[in-house]
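All of these numbers come straight from a predicted model, not from anything done at the bench.
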Amino acid sequence: MKQDTLYQYILGIADNSLILGQRLGELCGHGPTLETDIAITNISLDLIGQTRSYYQYAAGLSDEGITEDDIAFLRKEREYRNVLLVEQPNTHFGYVMVRQFFFDVFHLLFLKELQQSADETLVAIANKAVKEVGYHQRFSSDWIKRLGDGTEESHQKVQEAVNDLWRYTDELFYMTEADKAMFNNDIGVDLSHLKDTYYETITTVLSDATLAVPDNTYFQKGGKDGIHTEHMGYLLSDLQYMQRTYPNMNW
Amino acid sequence: MSDAEVKNLEALFEARIARDEKIEPKDWMPEKYRKTHIRQISQHAHSEIVGMLPEGNWITRAPSLRRKAALLAKVQDEAGHGLYLYAACETLGISREELYEQLHSGKAKYSSIFNYPTLTWADMGAIGWLVDGAAIINQVPLCNTSFGPYARAMVRVCKEESFHQRQGYEIMLTLCNGTEEQKAMAQDALNRWWWPSLMMFGPTDAESTHTEQSMKWKLKRKTNDELRQQFVDQTAPQADILGITIPDPELKFNEDTGHYDFGPIDWDEFWQVVKGHGPCNKERLEARVNAWEGGAWVRDAAMAYAEKQEHKKVAKAS
Amino acid sequence: MKNNWPLWEVFVRSKNGLEHRHFGSLHAADAEMALENARDVYTRRSEGVSIWVVESKHITASNPSENGEMFEPAQDKVYRHPTFYNLPDEVKHM
């Protein structure tokens, strides 16, 4: 493939949307109210929509005549490039919202930078996605405040989620070889540059929510290089079930 | 109010409905009208939200991204429809929480069709095609029902639902144009969903207890058997286009009547499922109860937060 | 279930130039959430460009049992309508 690095770079972005969209899809029908069910499904739909735009672009770059679905469903676990954060399970609503919030803040900063990319297609996707994600961040930070500054029980539950998921935040700024190469080509985003603003925003919202900012400095990474947590295999078994069981068919 | 006065009001009320006037929540209405509407609208709402579960079962396993998005949007619509209907019901002076309580305790019913399992991807097609098809036949006349909030909710539901059935039929069409294995999957889904779909129209007219009163209040425009016939008439040719066979050896177009004749329905199965002994009654209710109880701390947190914010605002102002 | 989310009424402007119209109701703990829920529930097919929400309890409604005195007196004021006035056909544009 001529543009293999760009291809890998796009997958690195898109896989986050796919895997988080998939996780949120598990919740449809099981939320605390109908209103939240509908809201979370909207976020999932936005993410799946973004995924499709990225994969369609990536599929066009490949000379193997592949489709968006080949990319989405037919890779091995090691070939998925998403960060560990987005594959974490829906342990409870607190985890769902903290995972969302930790990702949204990054996602919005990232897309705003991607809007400046030298790649027109990525700019077009970012221009659309940035509005969706702006809303996601508004939604998740509002919920962090409600849960943090709600009842004693909710405070404790959401603090637990913050503490547990904190270790996955640093990976958001880790740059793979593809990330670095694309940044040097003016196509990709300098992730390290986003880090300070990210933690400032997170700290402000957590403080507003009366939540403690964890002080641990031990972080986990690996997803972006294809080394995932144990949750990933199960997520993929669901995601890939049909395509693996009935290969080479149209649906 | 004396009995005579109530009788008089009732007569005026029935006359209004007969003149096709709409009844609005604050209007005087006979207690029986209120109760019947609470029962029917909430049953309808419960069906929407329980109906999310069998299809929700396949969201994570949808075979393509396009199908995944469509299915998510469809299941989300069902949440929306449940919401509109609960809101319509609430105008009659009962809260959504009370209605949930009736559902969770098993006191309230919901459509039995959702107590059947979704075993293959083709079930997403069959549900959209048959179950939504049957639902539309049941629902369209309700856009004109006498109770204003219910009629308005149904207008919105019917408008949004028009994509649901097409979505399902397209899945079936793709399967039937696919490999032998896919076509067999489609046939198998039709085999399992056909009879339960016919049962969605309720017991035969002879057995139906509510029909006459419901007709008068425009909760119903046609009888169960008429609607069922309409469904069979419209669905049989659609199965022919797909090239799969409806699992009824007696199904045959009758030149004299202009309708399809069809075989007898297994009413024992129907009543068994209605009474709570279908394949998934327990799982469906459990899922609803878990969602509600598991979400209590979230709802409480949001209320506590709102109250704190309100206090802060008041404190600032004074 | 001690303290359930209150009911809100949702009004949506479908496009600029039109008024906000009552779209339906929903539950939310606070105004911000009511707006967000309204956006997700009632405008997911691009039905709107502006949303108002108001907690249902703040709406004061007329009572249908008083409809006679409220609304019937307006029915015989025909002189408020243009057709009440007889003019020859030759008078145009009036």
Side-chain angles (χ1 to χ4, degrees), chain B residues 1 9 13 16 21-29 72-73 76-77 79-91 94-101 104 148-149 152-153 155-157 159-160 162-163 292-293 295-310 312-313, chain C residues 1-15 18-49 51-72 75:
Chain B
M1 223 181 295
L9 279 172
F13 179 87
R16 286 181 65 191
E21 276 184 41
K22 297 287 182 215
I23 306 301
E24 293 296 343
K26 290 181 68 133
D27 292 348
W28 183 88
M29 61 184 75
L72 261 169
Q76 181 193 41
D77 271 351
H81 299 169
L83 194 154
Y84 308 152
L85 289 161
Y86 283 122
C89 207
E90 282 176 274
T91 65
I94 186 163
S95 69
R96 196 196 289 178
E97 291 74 24
E98 289 171 271
L99 296 169
Y100 274 174
E101 183 50 42
H104 297 164
R152 290 191 287 276
V155 168
R156 192 177 290 276
V157 169
K159 203 157 58 176
E160 296 186 351
S162 52
F163 100 78
W292 184 245
E293 289 179 354
W297 70 272
V298 176
R299 296 190 302 276
D300 289 347
M303 277 314 284
Y305 177 79
E307 278 157 23
K308 283 185 202 174
Q309 295 304 108
E310 202 52 42
K312 275 187 204 161
K313 234 194 271 171
Chain C
M1 276 192 296
K2 38 186 194 268
N3 209 347
N4 292 309
W5 292 0
L7 193 67
W8 297 71
E9 301 303 322
V10 179
F11 300 82
V12 177
R13 185 201 297 288
S14 358
K15 60 176 190 189
L18 296 179
E19 68 280 60
H20 285 78
R21 199 165 62 78
H22 185 235
F23 259 47
S25 337
L26 49 75
H27 289 268
D30 56 52
E32 181 62 21
M33 192 201 284
L35 264 186
E36 289 173 4
N37 288 348
R39 178 254 194 199
D40 286 321
V41 172
Y42 288 106
T43 66
R44 61 188 193 280
R45 286 179 167 82
S46 312
E47 291 95 334
V49 296
I51 301 175
W52 290 345
V53 289
V54 59
E55 207 178 325
S56 311
K57 70 175 182 199
H58 294 311
I59 290 181
T60 310
S62 63
N63 187 338
S65 69
E66 292 159 5
N67 273 11
E69 57 201 71
M70 284 287 277
F71 305 114
E72 278 174 33
Q75 283 171 8

Heavy-atom contact with chain B under 4.5 Å, split by part of S56(C) | neither
For E9(C), is it the side chain, the backbone, both or neither that has a heavy atom under 4.5 Å from a heavy atom of chain B?
-> neither
Considering only heavy atoms, which portion of A31(C) lies under 4.5 Å from any heavy atom of chain B: side chain, backbone, both, or neither?
-> neither
Specify whether Y100(B) and H104(B) have parallel, tilted or perpendicular ring planes, treating 30° as the upper limit for parallel and 60° as the lower limit for perpendicular.
-> parallel
Is it the backbone or the side chain of Q76(B) that comes under 4.5 Å from a heavy atom of chain C, or both, or neither?
-> both
Mind checking whether F13(B) and W28(B) have parallel, tilted or perpendicular rings, split at 30° and 60°?
-> perpendicular
If one checks every heavy atom of Y86(B) against chain C at 4.5 Å, the contacting part turns out to be neither
In terms of side-chain geometry, is the basic nitrogen of E47(C) or R156(B) positioned less than 4.0 Å from the acidic oxygen of its partner?
-> no
E160(B) versus chain C, the contacting section by heavy-atom distance below 4.5 Å = both
Hey, are D30(C) and K308(B) close enough for a salt bridge, meaning a charged N less than 4.0 Å from a carboxylate O?
-> no
Verify, without hydrogens or angle tests, whether N37(C) (side chain) and H27(C) (backbone) share a donor-acceptor contact under 3.5 angstrom.
-> yes
Inspect the contact between K22(B) and D27(B) and indicate whether a charged nitrogen and a carboxylate oxygen are less than 4.0 angstrom apart.
-> no
Given the options S95(B), A88(B), A302(B), which has more heavy-atom pairs under 4.5 Å with chain C than any of the others?
-> A302(B)
Within 45° of the six-membered ring axis of W292(B) and under 6.0 Å from that ring's centre, is NZ or CZ of R299(B) located there?
-> yes
What part of F163(B) is in contact with chain C, defined as an atom under 4.5 angstrom from a non-hydrogen atom: side chain, backbone, both or neither?
-> side chain
For S25(C), is it the side chain, the backbone, both or neither that has a heavy atom under 4.5 Å from a heavy atom of chain B?
-> both
